[in-house]
Number of protein chains: 2
Amino acid sequence: MNLRELSERLNLSQTTVSRALNGYPEVNEETRKRVAAAAAKFNYRPNIRAQTLATGRSMSIGHIIPFSKQNEMVNIVFADFIAGAGEIYAQHGYSMSLSLVRDEDELNAYQGVAEKGAVDGIIVHSPARDDPRISFLSNLDIPFLVHGRASEVTTPYSWLDVNNKRAIETGTAHLLDLDHRRIGLINGEERMDFAQRRRDGYLAALTAAGITPETALMRSGEMSEPHGYASAHDMLDSTEPPTAFVASSIVSALGVRRAIEERGLVMGRDISILCFDDDISYLPNGRTTPVFTAMRSSVRAAGRRCAELLIDQIKIPQQGMATELWDAELIIGGSTGPCPKGR
Amino acid sequence: MNLRELSERLNLSQTTVSRALNGYPEVNEETRKRVAAAAAKFNYRPNIRAQTLATGRSMSIGHIIPFSKQNEMVNIVFADFIAGAGEIYAQHGYSMSLSLVRDEDELNAYQGVAEKGAVDGIIVHSPARDDPRISFLSNLDIPFLVHGRASEVTTPYSWLDVNNKRAIETGTAHLLDLDHRRIGLINGEERMDFAQRRRDGYLAALTAAGITPETALMRSGEMSEPHGYASAHDMLDSTEPPTAFVASSIVSALGVRRAIEERGLVMGRDISILCFDDDISYLPNGRTTPVFTAMRSSVRAAGRRCAELLIDQIKIPQQGMATELWDAELIIGGSTGPCPKGR
DNA sequence: GAATCACTTCAAAGCGCTTTGGATGTCTGA
DNA sequence: TCAGACATCCAAAGCGCTTTGAAGTGATTC
């Protein structure tokens with residue numbers, strides 16, 4: 001059943017039927033009801049492909065995931081992000097188009113997707129410090145929004161980010177307040193902008209407390225359980241082991257905890273852990289009493305907000321760039337405590 | 001730059017240009033080269049919306065995620081699955097369309113997406129035992145493939161599943177071989193087909209060994225770390241605690257481990273854990289020496305294969321239903337050992 | 001009674017591609 | 001010399017919708 005058939009059955013023009021269905025004012029209320037009834041009766045649904053061709057809008061938002069970064073990207077955090085974004089897309093009648101492309105094809109993919117008119121807007125994930133995608137997309141004349149920032153990119157662009165530096169600075173300062181002096185950092189890959197900023201926050205807090213950072217206490221790598229474990233394991237094996245850890249994600253924190261407990265040490269008493277908590281739905285950090293003391297910021301909420309901002313931008317293109325900086329919240333859990341005496 | 005413009009510059013008809021670009025034989029090799037050169041020069045890309053309207057194919061596969069099941073669906077496993085599927089989609093020129101819909105709208109969403117012609121095929125995730133989506137989609141005349149099975153659905157459909165029953169039966173038997181007699185089961189939600197089958201496998205193994213199952217030793221719920229922890233915690237508190245656990249996912253196993261270690265018990269010596277391991281990329285179960293003894297089956301590989309099967313079905317609709325049953329592999333890790341004497 | 005207006009409706013022209021059904025010219029073989 | 005085969009190319013008709021520009025009503029106004 002298509003529009004022509006439906007309009008023939010109703011003895012109306014396609015114009016009128018289309019307008020009735022799309023809520024245009026210039027159609028008699030009675031006619032509109034007749035049309036609506038017939039549409040329901042014949043189970044008519046406008047063909048979306050024809051619709052997008054006619055309107056010039058695809059009603060879909062693109063997310064492009066590069067392959068080699070896959071483990072970083074199609075990850076635990078990404079899943080929650082798209083859950084949030086998808087919620088908003090649904091509300092506004094948009095769908096989400098995911099494409100996975102080989103790393104070296106990524107820029108091409110953006111271009112392809114934009115010029116082929118497959119999507120109305122693009123979300124850029126996990127930017128690196130000097131991410132080429134941003135200036136590339138700027139030249140492409142398609143609305144896009146970055147989840148995160150790219151410090152070294154100078155062209156203006158829309159973004160939403162957590163204040164990673166301040167978050168980790170606050171978290172580290174909290175450990176310092178508990179008299180910890182040797183604090184290990186287990187960071188994400190530092191070519192990622194957020195990881196770099198977190199490192200900056202860590203360094204800033206130490207420096208403010210008059211402590212000289214030690215490279216032996218700073219690790220970076222993928223935010224996985226084994227990497228958290230291995231990093232903590234190494235540091236705890238050293239002659240001057242840390243008394244506290246800052247972990248860049250709850251997944252690495254799980255690994256750190258394992259390394260601690262493996263030694264018969266008690267988390268929160270013998271060794272403290274503070275981590276960044278993206279408030280992931282199925283790896284929750286405890287409901288009433290959080291397991292880990294953490295800097296928390298919901299990535300799902302970020303997904304929702306990114307979607308809103310991007311849709312705004314698509315609807316009203318002439319408006320300027322949108323930028324939003326969120327602060328993470330310090331959550332006190334059971335994983336931190338005062339530095340044991342004499343250490 | 002569109003087809004008309006391009007063909008005018010080349011002094012050729014749209015037909016010829018289109019055919020040249022799409023590799024049809026009835027075009028002179030020299031002409032084809034001219035066309036290709038011009039297309040590259042003017043950076044021409046066919047508008048995908050026009051293309052899909054003209055061809056009647058949308059070149060995209062739908063994945064629909066219901067809201068209330070979100071925590072089950074947009075989860076750790078789902079992320080890896082779509083990573084696998086997306087890889088294959090990219091190879092075949094398909095894109096993936098994700099939509100999140102409220103639970104009560106889900107059937108409508110399938111219908112909408114199918115009848116509006118938004119996608120060429122659909123992947124159904126995490127079926128329940130009597131999943132209404134399957135017969136619904138069967139009536140909708142659109143290719144679809146279920147990742148998992150729905151035991152109580154009688155209409156034929158295409159699916160790919162892991163032999164969950166056999167997997168957990170094998171795993172439980174392994175624990176029995178180690179002389180464990182009290183084995184706790186920490187399962188997923190049993191309205192899900194896979195969870196039911198895993199329970200069946202657990203029961204079958206116990207029964208075969210002449211052991212009467214106890215409801216006190218069987219839990220089901222979301223496959224999260226806290227649920228794993230809480231379930232194990234409870235069971236270990238009972239008067240006759242289990243000496244081994246079967247966990248339905250590596251995430252719940254992490255919780256079980258926490259409950260064990262919290263008591264100062266050693267995993268693999270005092271208490272054994274066997275879990276189902278979906279071989280998730282960023283929660284890997286150890287590389288050379290697995291942390292957990294597990295029944296392993298890669299969900300990413302399943303995603304890849306599901307995509308292949310579905311694309312096949314889209315390309316050759318007249319072929320019958322595709323079904324594939326995969327066996328999980330027993331991986332011996334450090335989390336299991338013989339049952340301590342006298343227990 | 002003519003002119004104006006608001007309210008409805010419609011025919012037809014796109015949107016940018018693919019594909020059908022020729023048309024044209026060249027070449028072959030009898 | 002001419003039918004048939006072959007190789008190339010093209011005009012035009014879709015695909016199913018939206019939207020422009022115009023037209024047909026009565027009702028209202030002067």
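Within every chain, numbering begins at 1; the chains are lettered A, B, ... in the order of the sequence lines, protein sequences first and strands thereafter.
The 5' end of DNA chain D is approached more closely, in terms of each residue's nearest nucleotide, by B:Leu12 than by the other of A:Asn2 and B:Leu12.
Residue contacts for A:Thr31: at a heavy-atom cut-off of 4.0 Å it reaches the sugar-phosphate backbone alone, with no base atom in range.
A straight line from CG of A:Leu21 to P of D:dT19 spans 13 Å, rounded to a whole angstrom. Atom CG in B:Leu10 sits about 13 Å away from atom C1' in D:dC9, given to the nearest Å. Summarising the geometry, the separation between CZ on A:Arg49 and C1' on D:dG14 is reported as 14 Å, rounded to the nearest angstrom. One atom, CG of B:Leu53, and another, C1' of D:dC15, lie 4 Å apart when rounded to the nearest Å. Protein atom CD of B:Glu8 is 12 Å distant from nucleotide atom P of D:dC10, rounded to whole Å. Taking atom CZ of residue B:Arg4 and atom P of nucleotide C:dG14, one finds them 10 Å apart after rounding to whole Å. Atom CZ in B:Arg45 sits about 13 Å away from atom P in C:dC17, given to the nearest Å. B:Asn28 places its CG atom 14 Å from the P atom of C:dT26, with the value rounded to the nearest Å.
Applying the 4.0 Å criterion to OP1 and OP2 of D:dC17, one finds that A:Asn47 has every side-chain N and O outside that range.
Applying the side-chain hydrogen bond (donor to acceptor under 3.5 Å, both in side chains) test to residues at least two apart or on different chains, the pairs with a partner in residues 52-66 of chain B are B:Ser58-B:Asp120, B:His63-B:Tyr89, B:His63-B:His125.
Proximity of A:Ile316 to A:Gln318: side-chain heavy atoms (C-beta onward) are separated by under 4.5 Å at one or more points. In this structure, the side chains of B:Tyr157 and B:Val124 stay at 4.5 Å or more apart for every pair of heavy atoms.
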List, with names and distances, any nitrogen or oxygen atoms from the protein found under 3.5 Å away from nitrogen or oxygen atoms belonging to nucleotides 18-20 of chain C.
unit_1	atom_1	unit_2	atom_2	d
C:dT18	OP1	B:Asn22	ND2	3.1
C:dT18	OP1	B:Gln51	NE2	3.2
C:dT18	OP2	B:Ser18	OG	2.5
C:dT19	OP2	B:Tyr24	OH	2.7
C:dT19	O4	B:Thr15	OG1	3.0

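Residue B:Asn43 places its CG atom among more than 12 non-hydrogen atoms of other residues, nucleotides or ligands, all under 6.0 Å distant.
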Salt bridge (Lys or Arg N to Asp or Glu O under 4.0 Å) assessment of A:Lys33 paired with A:Glu30: CA-CA 5 Å; A:Lys33 276 181 194 148; A:Glu30 213 162 295; over 6 Å; no
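Between A:Ser13 and A:Thr16, the side chains place a donor N or O and an acceptor N or O closer than 3.5 Å (distance only, hydrogens not considered).
Looking at every heavy atom in both residues, A:Ala307 comes nearest to A:Ile88 through CB-CB, 3.6 Å.
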